[in-house]
Amino acid sequence: MASVQLQRQGSSPKQQDSPRSPEAELGMKVEDMWDVLEPQLSPSEKLNACFESIPVEAFPPAPSSQVIEIKSDTSLADAVQILADHKILGAPVVDVDAPEDASWIDRYIGIVEFAGIVVWILHQSEPPSPRSPNSGSAFAAAVNGMSKAAALGDLGPESASITAGNFFEALTTSEFYKNTKVGDISGSFRWAPFLALQKSNSFLTMLLLLSKYKMKSVPVVDLGDRKIDNIITQSSVIHMLAECVGLQWFESWGTKELLEIGLPVMSPNHIIKVYENEPVLQAFKLMRRHRIGGIPVIEKGGSKAVGNISLRDIQFLLTTPEIYCEYRSITAKNFLSAVKNYMEKNHKDSPALTGMVTCKRDSTIKELILLLDAKQIHRIYVVDDDGNLEGVITLRDIISRLVHEPRGYFGDFFDGVLPMPANSRV
């Protein structure tokens with residue numbers, strides 16, 4: 001898979017007289033505060049003070065197509081299709097059994113994601129109950145294969161036969177898969193406690209949750225309506241930053257080179273990766289185990305990255321299993337090829353078609369932000385002059401370098417947050 005090398009960007013993508021976006025208007029609020037803050041404050045302290053002064057309700061609303069709720073009695077098959085159709089990784093689950101006057105914390109039971117559904121699949125160790133009239137041998141066969149996969153701590157090339165081309169086709173056509181409800185797997189889709197912000201919470205709180213506390217998205221609750229009013233993602237924060245290029249506060253931070261602010265964080269020998277001849281399930285098992293959103297695919301016997309597999313790619317296993325029917329096994333390499341061919345054949349746009357997006361250690365934060373936003377991707381790989389992998393930089397890494405957590409900042413903020421369920425496996 002071809003690489004896309006980060007190119008030097010101009011100082012501002014917008015003309016001075018062009019209408020400003022809501023995100024840029026937000027950036028101007030930060031600029032106004034930046035100019036009047038005490039000069040003795042460090043740039044980091046200034047940014048913290050600015051973001052602490054802005055309520056999260058000021059963040060532009062997400063497109064209505066992305067603020068989707070899934071009812072707890074929705075089938076897994078339908079939930080997967082809803083996520084895929086709206087091009088989102090996850091959605092809050094509404095408990096259909098909650099009373100009409102329930103508080104928001106009793107109304108929602110968590111956020112279901114593609115990853116959570118696959119985690120549930122991987123942990124099925126028994127065939128469906130014989131009392132279920134719709135359970136079929138197709139799912140039982142798939143479950144038996146899945147159980148073997150789950151039992152193996154790691155799936156090497158020798159395990160590739162477990163995931164033959166018809167593996168997920170048998171699974172997703174089974175009545176058991178179609179009839180299992182999202183609420184039935186609530187113990188499996190919790191990657192973290194379910195937590196939402198109120199509109200009065202600050203930007204700083206939101207940025208810390210998306211970075212230090214590793215939340216990929218943060219729901220914002222309207223206490224009056226007792227429902228989720230907005231969903232702020234890591235990607236939407238990066239888009240906001242991209243719209244602030246040219247503003248003084250942004251330039252003072254964004255023009256720094258990666259090494260100046262301690263990126264990439266992880267050394268090359270600690271990068272979580274999968275080799276191209278390993279089963280693609282190994283990639284998703286590693287993502288689940290290490291709670292990361294994507295990993296590079298490395299050439300067999302080498303150190304060069306040839307592709308990237310992310311959580312969003314799980315949808316291709318569950319919504320289009322027919323594209324693998326010709327493969328004897330769904331290795332990481334075959335997975336990338338099948339998805340690329342499918343997207344090109346159907347004239348669909350996807351980050352999977354972009355290839356590896358790379359940068360060098362002397363790149364600036366601003367350059368990375370503009371490219372991440374333009375390509376709508378979640379990570380960039382750092383390579384040396386020979387293309388060898390030196391590091392990975394994620395959206396979370398960038399946001400974590402924008403703000404810092406003051407001592408004792410959260411206090412009792414997490415008290416009363418819906419805890420991880422007792423039967424959670426993640």
Side-chain angles (χ1 to χ4, degrees), residues 22-23 25-26 29 51-74 79 82-83 86-116 182-183 185-187 189-240 395-396 399 403 405 409-421 424 426:
E23 291 82 5
E25 293 288 351
L26 195 53
K29 291 183 180 180
F51 288 124
E52 174 64 11
S53 301
I54 300 176
V56 76
E57 68 177 333
F59 198 93
S64 58
S65 63
Q66 295 183 11
V67 186
I68 301 299
E69 295 181 348
I70 294 178
K71 295 182 178 180
S72 59
D73 60 355
T74 302
I82 290 170
L83 296 177
H86 289 86
K87 298 181 179 180
I88 52 178
L89 289 176
V93 178
V94 177
D95 185 355
V96 295
D97 296 322
E100 289 187 10
D101 60 348
S103 65
W104 73 266
I105 203 166
D106 293 322
R107 186 169 184 263
Y108 297 97
I109 61 174
I111 293 180
V112 66
E113 299 176 307
F114 287 122
V182 170
I185 69 165
S186 61
F189 62 61
R190 297 272 181 78
W191 285 59
F194 181 55
L195 184 149
L197 290 176
Q198 298 178 25
K199 291 183 175 182
S200 59
N201 288 125
S202 74
F203 252 58
L204 180 59
T205 299
M206 176 263 290
L207 293 173
L208 289 172
L209 291 176
L210 290 174
S211 55
K212 180 176 180 179
Y213 292 91
K214 301 183 180 181
M215 295 181 66
K216 298 184 186 305
S217 63
V218 180
V220 180
V221 172
D222 185 323
L223 292 181
D225 291 338
R226 302 187 302 277
K227 66 178 185 179
I228 291 173
D229 183 66
N230 195 9
I231 295 179
I232 302 174
T233 64
Q234 292 175 340
S235 295
S236 62
V237 170
I238 293 299
H239 177 63
M240 183 203 78
L395 304 185
R396 183 175 73 84
I399 297 171
V403 293
E405 181 180 354
Y409 177 77
F410 278 100
D412 60 358
F413 179 84
F414 294 104
D415 290 351
V417 170
L418 205 62
M420 295 276 279
S424 176
V426 293

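Because the structure is a prediction, the values reported are computed rather than measured.
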Do Thr205 and Tyr409 have side chains that approach each other closer than 4.5 Å (heavy atoms only, starting at C-beta)? yes
Any idea which heavy atoms bring Asn230 and Pro60 closest together, and the distance? ND2-O, 3.4 Å
Could you tell me whether a side-chain N or O of Tyr108 sits under 3.5 Å from a main-chain N or O of Ala196, the two making a donor and an acceptor? no
Using side-chain heavy atoms (C-beta onward) and a distance below 4.5 Å, is Val237 in contact with Ile232? yes
Answer whether the closest heavy-atom distance between the side chains of Met240 and Phe203 falls below 4.5 Å. yes
Check whether any side-chain heavy atom of Val93 sits under 4.5 Å from a side-chain heavy atom of Thr74, and report yes or no. no
Between Asp222 and Lys199, the two heavy atoms sitting closest are OD2-NZ, 3.4 Å
Ser72 versus Ile109, closest heavy-atom pair with distance: CB-CD1, 4.2 Å
Under 3.5 Å donor-acceptor, Arg226 side chain and Trp104 backbone: no
Locate the shortest heavy-atom distance separating Glu69 from Val94; write the atom from each residue and the value. OE1-CG2, 3.3 Å
Hey, mind stepping through Tyr213 and Leu195 against side-chain contact (heavy atoms from CB on, under 4.5 Å) and telling me if it holds? CA-CA 11 Å; Tyr213 292 91; Leu195 184 149; over 6 Å; no
Is Ile238 close to Ile399 at the side-chain level, that is, under 4.5 Å between some pair of heavy atoms? yes
Find out whether Leu89 and Ser217 are in side-chain contact, i.e. whether some heavy atom of one side chain is under 4.5 Å from a heavy atom of the other. no
By side chain to side chain contact (heavy atoms under 4.5 Å, CB included) - contacts of Val403 (at least two apart): Asn48, Phe51, Leu204, Leu207, Leu208
Atom pair CE/CG of Met206 and Leu209 - distance to nearest 0.5 Å: 9.0 Å
Ala62 versus Val67, closest heavy-atom pair with distance: CB-CG2, 3.8 Å
Side chains of Ile231 and Pro92: closer than 4.5 Å at any heavy-atom pair? yes
Taking every heavy atom of Ser202 against every heavy atom of Glu52, the minimum-distance pair comes out as OG-OE1, 2.9 Å
